[in-house]
Novice: 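Quick one: this structure, given as structure tokens, is what I'll be asking you about.
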Protein chains: 2
Amino acid sequence: MAGRKTSILEAAARVIARRGVRGLRVEELAAEAGVSTALIYYHFKDRTGILRQTMEFISDRAERYTTERTDGAEQLSPREELERTLLLELQDSAEVRENSTAWGELRASAVFEPELREDLARATLIWVQEMADLLGRVVPLASATALASAAERLTALLEGLSMRWLSGGLPLDHARALLLEAIDAELRRLQR
Amino acid sequence: MAGRKTSILEAAARVIARRGVRGLRVEELAAEAGVSTALIYYHFKDRTGILRQTMEFISDRAERYTTERTDGAEQLSPREELERTLLLELQDSAEVRENSTAWGELRASAVFEPELREDLARATLIWVQEMADLLGRVVPLASATALASAAERLTALLEGLSMRWLSGGLPLDHARALLLEAIDAELRRLQR
DNA sequence: GTCTATAGGACGATAGAC
DNA sequence: GTCTATCGTCCTATAGAC
């Protein structure tokens, strides 16, 4: 079930996290996945095909661990759940770092590769909507528009903080503290 | 005074905005600047040298137009000045788009090129401090720490929104509206 | 589906003249 | 400081066998 193609995608996420989209060499990807370069072109057509499908793979995987996270026994308040979900992306675990790095890279690449934009927009939308739902559970009386805006801001801020963290200018602790305060500011604004 | 080297840096900013850091070819840069590739290596040593100095150039230039902006006759309230300064980076003019694109690219590149990090950190610090000053003029009673945090959040959010705008997923109007609301939320928080 | 082998081009960098 | 010319490498992509 986790076929060759899937294991190539897993390898692609690792390589992108290690070298960036800019540093992704098909040959290195092949070595990482333990296959030949020809097989990669067979499955993905060209370099852009690799990037597109890797982006989809990464966003699916992120959605999955974001969802599963709550399956732990504990009962969390809506606000705790909101905070936990956002902070999940600012953690120094291999998996999160890999996902964040690859995600940042793919978004940055989309500025110059229009082929990536459609998938990027879809993944972003799903992520924003999930966040708007969580916010709505904390502030049930807020309007859908206000919730959507807050969700867009928090996710965009998270991406900005994540990038600073990954590029070495912002310690993780500090990034997390900043994000928590932003959640507080947004909730205050919604509760007016 | 605007010597060859400067005009190469201007050309580099244009090429990076057009093709990205990964898409920057020394040959294309040479053509854009109207010089030979050899001259570029003479002035910048290697590709990384080009990137480093271009980053410095861009951050200086951004600082300059950020400062000059207030020299227009009108007297603005501190809050108007704050809003104007931040919104300045979300405009569809050639110069701003070029600066934002190149800035985003260089930050993303720094994740994988440690040589860029020092310059990046310095430029970010200057930008954050300027923003903290502006916030301090709006809310004089706020603590320095609170101002610094708000400034870090607003600039990180701006980078996140900017990236979404440039990667095609967020219309400029919407990005501007989101940023204005974030300023509002941060000021509310500071004024408590 | 998967491999080996390689074509073919692009690109960074330098040598050497002026 | 600036150019012309070029070397050598790296990298995407495909041809063709199994």
Side-chain angles (χ1 to χ4, degrees), chain A residues 1-57 102 105-106 108-116 119, chain B residues 1-57 102 105-106 108-116 119:
Chain A
M1 193 187 273
R4 277 270 134 70
K5 195 168 168 183
T6 303
S7 74
I8 295 174
L9 287 170
E10 286 165 354
R14 287 196 298 277
V15 175
I16 290 176
R18 192 163 63 228
R19 305 263 186 245
V21 165
R22 301 165 177 73
L24 173 73
R25 303 292 164 233
V26 180
E27 205 168 344
E28 184 179 358
L29 171 54
E32 176 83 23
V35 300
S36 67
T37 64
L39 185 61
I40 290 176
Y41 285 99
Y42 172 80
H43 280 304
F44 300 96
K45 179 170 157 55
D46 59 15
R47 204 175 174 281
T48 302
I50 301 170
L51 297 182
R52 260 230 296 267
Q53 298 200 39
T54 304
M55 182 156 63
E56 204 172 339
F57 173 78
E105 274 292 290
L106 288 164
S109 302
V111 176
F112 306 98
E113 305 200 38
E115 309 93 308
L116 295 177
D119 291 297
Chain B
M1 195 190 266
R4 277 269 135 68
K5 195 168 168 183
T6 303
S7 76
I8 295 173
L9 287 170
E10 286 164 354
R14 287 195 298 277
V15 175
I16 289 176
R18 192 163 62 228
R19 305 264 185 245
V21 166
R22 180 173 196 270
L24 173 73
R25 303 296 165 227
V26 180
E27 206 169 344
E28 183 179 0
L29 171 54
E32 177 82 24
V35 300
S36 68
T37 65
L39 185 61
I40 290 176
Y41 285 100
Y42 171 79
H43 280 303
F44 300 97
K45 179 171 158 54
D46 59 16
R47 202 175 173 280
T48 302
I50 301 170
L51 297 181
R52 260 231 294 269
Q53 299 200 38
T54 303
M55 182 156 64
E56 205 172 338
F57 173 78
E105 273 294 287
L106 289 165
S109 303
V111 176
F112 305 98
E113 305 199 38
E115 309 94 310
L116 296 178
D119 292 296

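Model, not experiment: these values are computed from the prediction.
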Novice: How long is the line joining NE2 of B:His43 and C1' of C:dA13, in whole Å?
Specialist: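 The distance from NE2 of B:His43 to C1' of C:dA13 comes to 16 Å, rounded to the nearest Å.
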Novice: Mind checking what makes side chain to side chain contact (heavy atoms under 4.5 Å, CB included) contact with B:Ala110, not counting sequence neighbours?
Specialist: A:Ser167, B:Leu116, B:Arg117, B:Leu120
Novice: Please report, to 0.1 Å, the donor-acceptor pairs under 3.5 Å made by any side chain of residues 48-57 of chain B, with sequence neighbours excluded.
Specialist:
| residue | atom | partner | partner atom | Å |
| --- | --- | --- | --- | --- |
| B:Gln53 | OE1 | B:Lys5 | NZ | 3.3 |
| B:Thr54 | OG1 | B:Ile50 | O | 2.6 |

Novice: Going 5' to 3' along nucleotides 13-18 of chain D, which nucleotides have protein heavy atoms under 4.0 Å from the base (write B), which only from the sugar-phosphate (write S), and which from neither (write -)?
Specialist: BBB---
Novice: If I compare all heavy atoms of A:Ser109 with all of A:Val21, which pair ends up nearest, and what's the gap?
Specialist: OG-CG1, 3.3 Å
Novice: Could you check how far CG of A:Leu39 sits from P of D:dT12, rounded to whole Å?
Specialist: 16 Å
Novice: Applying side chain to side chain contact (heavy atoms under 4.5 Å, CB included), name anything that partners A:Phe112, two or more places apart in sequence or on another chain.
Specialist: B:Thr101, B:Glu105
Novice: Counting only side-chain nitrogens and oxygens, does A:Arg4 get under 4.0 Å of the OP1 or OP2 atom of C:dT2?
Specialist: yes
Novice: So which heavy atom on B:Ile40 is nearest to which on B:Leu29, and how close?
Specialist: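 Heavy atoms only, the tightest pair is CD1-CG, 3.7 Å.
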Novice: How many Å lie between CD1 on B:Ile40 and P on C:dA13, as a whole number?
Specialist: 12 Å
Novice: Does any pair with a residue in residues 7-17 of chain A pass side chain to side chain donor-acceptor pair (under 3.5 Å), and if so which ones, sequence neighbours excluded?
Specialist: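 Side chain to side chain donor-acceptor pair (under 3.5 Å) check on residues 7-17 of chain A returns A:Arg14-A:Glu32.
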Novice: Of the residues in residues 16-25 of chain A, which ones touch DNA chain D at a heavy-atom distance under 4.0 Å?
Specialist: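 Of all residues in residues 16-25 of chain A, the ones placing a heavy atom under 4.0 Å from DNA chain D are A:Leu24, A:Arg25.
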Novice: Could you state the atom-to-atom distance from CD of B:Glu27 to P of D:dT6 in whole Å?
Specialist: 14 Å
Novice: Applying side chain to side chain donor-acceptor pair (under 3.5 Å), can you list everything that pairs with B:Glu28, at least two apart in sequence or on another chain?
Specialist: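 B:Glu28: side chain to side chain donor-acceptor pair (under 3.5 Å) contacts with B:Arg18, B:Arg19.
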Novice: Any salt bridge (charged side-chain N to carboxylate O under 4.0 Å, His left out) involving residues 37-49 of chain B? Give me the pairs, sequence neighbours left out, ordered by first then second residue.
Specialist: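 Found none.
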